[in-house]
Amino acid sequence: MAHQLVLVLDFGGQYNQLIARRVRECNVYCEVHPFKNAQQKIKELNPMGIIFTGGPNSVYEEDSPQIFKEIFDLGIPILGLCYGCQLMAYTLGGRVSTAQTREYGKTRTEFNTDSLLFKGLAQEATTWMSHTDYVEQIPQGFEIIANTDGCPVAAMQNESKRLYGIQFHPEVLHTDNGIKMFHNFVYEICGCKGDWTMGDYAKTAIADIRNKVGDGKVLLALSGGVDSSVAAALLAKAVGNQLTCIFVDHGFMRKNEGDEVVEAFADWGINFVRVDAEERFLSKLTDVSDPETKRKIIGEEFIRVFEDEAKKIGTVDFLVQGTIYPDVIESGAGDAAVIKSHHNVGGLPDYVDFKEIIEPLRLLFKDEVRQLGMELGLADYLVWRQPFPGPGLAIRVIGDITKEKLDILRDADYIFREEIANAGMDRSIHQYFAVLTSMRSVGVMGDGRTYDYTLALRGVTTTDFMTADFARIPYDVLEKISSRIINEVRLINRIVYDITTKPPATIEWE
Ligand code: XMP
């Protein structure tokens with residue numbers, strides 16, 4: 001697939017994926033690579049433009065990430081953001097200094113709208129600043145194209161060399177018209193034509209898959225999540241009944257979910273195997289209460305079940321995995337700490353006899369996967385399904401798991417989801433679910449004492465699930481949810497709403 005490409009060089013900033021997504025929202029394909037690989041990637045990918053991301057360092061620190069100076073003479077347009085802007089200034093002979101105080105938050109900014117970067121924008125608007133260092137003196141050949149009270153060089157350009165630097169963060173939504181700035185960069189400055197759309201992607205991907213697969217047999221582990229469902233739809237369109245999907249129902253799905261998945265694929269002309277493995281999983285988890293041990297057991301058992309089913313099919317030629325782009329981006333800043341071992345249902349290659357792996361979503365961000373799903377005509381409720389952890393409700397029953405606890409949780413979670421949808425909040429809250437805490441407390445119902453479970457409700461808003469805020473669900477909606485659950489689900493007598501952000505908490509409780 002030959003698309004025009006913008007190369008994002010990662011200097012360790014926290015918004016790097018967001019930058020890439022913004023570029024793609026402008027219908028321009030874009031990849032993120034560590035700054036260290038810049039030279040090789042430029043040669044390999046022949047980019048229309050390059051974006052330097054922000055990063056946590058100061059340019060004059062000894063070990064700070066640097067860039068080879070000749071990059072500015074290649075004739076490829078470059079946009080430096082935050083650290084990337086400082087690095088551009090510093091490398092080209094400007095001066096970068098440390099401010100007395102950090103400039104942070106929403107900031108009034110004045111723009112020179114004669115600059116192509118700010119073409120068509122208002123002359124004054126709000127930007128999102130987050131920096132201590134700043135460009136004190138611009139390099140020769142540059143001019144200032146934006147400023148704020150605290151920051152004399154909020155943006156700079158060398159128009160003839162097509163080099164641009166921005167101190168603020170156009171990629172975050174707090175910056176007015178940020179998208180338009182990316183749009184201007186890729187179209188007005190880099191000259192891209194906008195050849196990245198999901199309609200085109202679907203056509204090319206289907207043709208590529210057909211080419212590759214020929215008359216071979218394809219196997220896919222379907223979890224019912226967005227990624228594996230869209231991968232299945234794509235493969236179904238490409239190779240029809242050469243595809244077999246194995247859907248392992250581990251018994252930790254939400255209410256009705258297993259049946260919904262089966263129904264959604266009923267008319268796609270593929271071979272569909274549903275394995276009802278609830279008892280098998282439950283027996284492995286008897287008296288297991290440690291979250292990581294649960295994850296491990298479920299991950300292993302999943303592979304065993306899948307393997308048993310796959311053996312019945314015999315040798316297959318291709319195994320499909322629903323890997324998406326955020327999983328393959330290699331960070332410029334090195335490895336982050338592992339907080340939870342996120343077992344992704346789908347990581348199975350060692351155990352099944354196959355020749356090759358197909359990863360048809362490898363280039364796509366989550367929102368693009370959804371667009372592709374819609375393009376392919378997949379059911380809405382699958383495309384817009386909120387993220388659901390591989391181990392499912394097994395990590396939403398705190399501590400040891402029983403069928404009874406799972407059923408209680410399923411019923412309560414169903415009511416919660418139904419009322420959030422009734423309140424019209426099902427797309428604005430990015431993930432919401434109930435947790436059965438396994439803590440019991442005293443209550444009074446009718447005239448009697450109860451000693452039943454406490455249920456926790458969690459709802460978060462987030463862009464990347466790395467950080468999250470708790471959702472501000474109105475009290476009257478919470479009240480309705482609470483009274484319905486207490487009345488309709490037995491063995492719950494107390495409901496709490498989780499008001500922690502991530503960090504310090506995580507989204508799931510286990
Ligand atoms: P945490 O709890 O780490 O969750 O803040 C971040 C996102 O990851 C999901 N999650 C998982 N997904 N297997 C998965 O496939 C797991 O074991 C797992 N644990 C958490 C979680 O639902 C949230 O969207």
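Along the sequence shown, residues carry numbers from 1. Both ligands and their constituent atoms are indexed starting at 1 by order of listing.
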Between Ala394, Gly225, Pro503, Gly390, which one has a non-hydrogen atom sitting closest to atom 14 (C) of ligand 1? Gly390
Measuring from atom 19 (N) of ligand 1, which candidate in Glu508, Arg295, Lys294, Arg396 has the nearest non-hydrogen atom? Arg295
Is a donor on one side and an acceptor on the other found under 3.5 Å between the side chain of Lys294 and the backbone of Ala394? yes
Could you go through residues 174-181 and list every donor-acceptor pair under 3.5 Å that involves a side-chain atom there, pairing it with any protein atom two or more places apart or in another chain?
from, atom 1, to, atom 2, distance (Å)
Thr175, OG1, Trp128, N, 2.9
Thr175, OG1, His169, O, 2.8
Asp176, OD2, Thr126, N, 3.1

Checking Arg254 side chain against Leu409 main chain: does a donor-acceptor pair fall under 3.5 Å? no
Under 3.5 Å, N or O to N or O, is Glu510 touching ligand 1 that way? no
What residues form a salt bridge (charged side-chain N to carboxylate O under 4.0 Å, His left out) with Lys217, not counting sequence neighbours? none
Ligand 1 contact on Pro387 by region, counting heavy-atom pairs under 4.0 Å: side chain
Where's the contact between Pro391 and ligand 1, heavy-atom distance under 4.0 Å: side chain, backbone, both or neither? side chain
Please identify which atoms of ligand 1 are closer than 4.0 Å to at least one heavy atom of Lys502. 1 (P), 3 (O), 5 (O), 6 (C)
For Thr506, take its heavy atoms, then give the atoms of ligand 1 lying under 4.0 Å from any of them. 1 (P), 2 (O), 5 (O)
Under 3.5 Å: N/O of Ile507 near N/O of ligand 1: yes
Parallel, tilted or perpendicular: ring planes of Phe272 versus Phe265, cut at 30 and 60 degrees: parallel
Lys255 backbone acceptor or donor facing Asp413 side chain under 3.5 Å: no
